[in-house]
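Source: prediction; values computed, not measured.
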Amino acid sequence: MTTLVIVAALATVACSEIGVELVAGVDYSRGAYDLPRDTVVWSAPVSVLIDRGAWTVAVSGGYAVVDGPATPGGAAFNPSALTTRRRGLTDVTVDVWRTGRSRGGATWYSLGGGFTLPVGDAAKGLGVGDSDQFVHAEAGRDLDPYYLAGGVTYRFIHDSAWRDPVGAWATAHRRVGERHILGVGVDASQRLGPGLSASQGVSLYAGLGLDAGGELNLYYRAGVGPSAGDRALGFTIRKPLGGGR
């Protein structure tokens with residue numbers, strides 16, 4: 001959380017020179033994850049994005065309330081405990097990437113990577129307890145009014161019961177009017193850990209442009225497979241704070 005405060009202070013000072021955006025929301029998920037009973041997670045993620053030219057830095061964290069025998073990532077935490085409700089800060093992620101575009105501007109691509117700061121309490125199942133690193137690549141194509149995008153992520157994990165080392169996703173959406181979108185997405189990840197299998201999901205999402213600036217994003221995800229979780233839904237609000245964004 002200290003990192004978030006520092007970045008927020010930097011954003012306030014540098015607003016006139018670089019693009020700054022605040023993203024905040026609420027997420028809900030529920031799933032059994034091959035355990036005796038469901039785990040329910042309520043979380044409030046917060047991100048600060050800072051960009052200058054082709055480069056973007058994102059710092060993300062949040063607060064979660066977890067009730068059930070699994071971690072927010074779906075790994076077994078303490079299946080035999082009578083009381084499994086816990087709450088607290090989640091880990092902080094620092095991500096840096098560079099975006100490029102084709103000569104005509106219709107195709108974009110990005111390469112980046114980052115690391116996790118172990119802010120969340122691993123003893124409560126709210127954090128990894130170590131600093132994982134990751135790399136990722138994405139690409140997209142604008143086929144007005146349609147838009148296609150996809151990406152892959154690889155994580156250098158230190159505790160295999162906590163993270164998905166390889167993940168991939170793809171989305172397609174259509175513009176509705178000047179500022180709104182409707183889309184569908186799919187995702188898949190390799191899962192490491194006791195009793196975990198590969199995880200897949202299908203998502204529906206919408207982006208609604210706001211009169212005051214920024215965007216409201218809504219999503220619903222249905223898991224495929226016992227390790228994917230039954231369902232997840234939530235919303236985020238993206239709000240430019242100044243500069244180039």
Side-chain angles (χ1 to χ4, degrees), residues 3 23 27 29-35 38-39 41 43 45 47 49 56-62 64 66 68-79 86 88-99 109-140 149-171 185-203 205 219 221-232 234:
T3 304
V23 183
D27 294 326
S29 65
R30 186 184 189 99
Y33 307 105
D34 276 340
L35 295 172
D38 285 358
T39 294
V41 180
S43 61
S47 299
L49 285 75
T56 302
V57 178
V59 181
S60 305
V66 184
T71 69
F77 171 63
N78 191 357
R86 61 265 190 209
L89 297 175
T90 60
D91 286 344
V92 171
T93 298
V94 179
D95 192 1
V96 181
W97 67 89
R98 190 182 193 279
T99 303
Y109 55 89
S110 66
L111 296 171
F115 56 91
T116 299
L117 297 174
V119 175
D121 189 344
K124 293 182 178 180
L126 297 173
V128 300
D130 209 331
S131 180
D132 291 345
Q133 296 82 42
F134 57 89
V135 293
H136 57 86
E138 299 82 25
V152 294
T153 300
Y154 181 83
R155 187 176 292 272
F156 303 92
I157 55 178
H158 299 287
D159 183 344
S160 61
W162 273 96
R163 284 294 184 264
D164 304 326
V166 181
W169 60 269
T171 63
V186 295
D187 63 85
S189 60
Q190 174 193 11
R191 313 206 73 186
L192 296 181
L196 292 180
S197 58
S199 170
Q200 301 88 31
V202 179
S203 302
Y205 64 92
Y219 79 92
R221 178 183 184 272
V224 179
S227 291
D230 297 332
R231 57 189 176 275

Inter-residue atom distance [X].[atom1] - [Y].[atom2], 0.5 Å rounding:
| X | Y | atom1 | atom2 | answer |
| --- | --- | --- | --- | --- |
| Glu138 | Thr171 | CD | OG1 | 10.5 Å |
| Thr116 | Arg155 | OG1 | CZ | 4.5 Å |
| Asp121 | Thr90 | CG | OG1 | 12.0 Å |

Closest approach of Lys124 to Arg86 (non-hydrogen atoms, all atoms of both residues):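 Lys124 and Arg86 have their closest heavy atoms at O-NE, 2.6 Å.
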Give me the atom names and distance for the closest heavy-atom approach of Ser110 to Thr99.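 Reported closest heavy-atom pair: CB-OG1, 3.7 Å.
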Heavy-atom side-chain proximity of [X] to [Y] below 4.5 angstrom:
| X | Y | value |
| --- | --- | --- |
| Thr39 | Pro69 | yes |
| Trp97 | Val57 | no |
| Leu49 | Val23 | yes |
| Asp27 | Tyr219 | yes |

Yes or no on side-chain contact (heavy atoms from CB on, under 4.5 Å) for Leu117 and Phe115, after CA distance, side-chain angles and deciding distance? CA-CA 7 Å; Leu117 297 174; Phe115 56 91; 3.5 Å; yes
Describe, in one word, how the ring planes of His136 and Phe134 are oriented to each other, choosing from parallel (under 30°), tilted (30 to 60°) and perpendicular (over 60°).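 Because their plane-to-plane angle is under 30°, the rings of His136 and Phe134 count as parallel.
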Between Asp187 and Arg221, does any NZ, NE, NH1 or NH2 come within less than 4.0 Å of an OD or OE carboxylate oxygen?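 Salt bridge present between Arg221 and Asp187.
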Among residues at least two apart in sequence or on other chains, which ones pass side chain to side chain contact (heavy atoms under 4.5 Å, CB included) with Asp38?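 Partners of Asp38 by the side chain to side chain contact (heavy atoms under 4.5 Å, CB included) criterion, ordered by chain and then number, come out as Arg30, Ala32, Asp230.
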Exactly one of Val66, Val119, Asp91, Leu89 should register a side-chain contact (heavy atoms from CB on, under 4.5 Å) with Leu126. Which one does?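 Among Val66, Val119, Asp91, Leu89, the one that satisfies the side-chain contact (heavy atoms from CB on, under 4.5 Å) with Leu126 is Val66.
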Please evaluate residues Ser47 and Ser60 with respect to the criterion side chain to side chain donor-acceptor pair (under 3.5 Å), reporting the C-alpha separation (whole Å), side-chain torsions for both, the decisive distance (0.1 Å), and the verdict. CA-CA 4 Å; Ser47 299; Ser60 305; 2.7 Å; yes
Using the rule given for side-chain contact (heavy atoms from CB on, under 4.5 Å), can you reason through Val152 versus Trp169, listing the C-alpha separation, both sets of side-chain angles and the distance that settles it, and then say yes or no? CA-CA 7 Å; Val152 294; Trp169 60 269; over 6 Å; no
Closer than 3.5 angstrom, by distance alone: can the side chain of Arg231 be matched with the main-chain N or O of Gly31 as a donor-acceptor pair?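 It does not hold such a pair.
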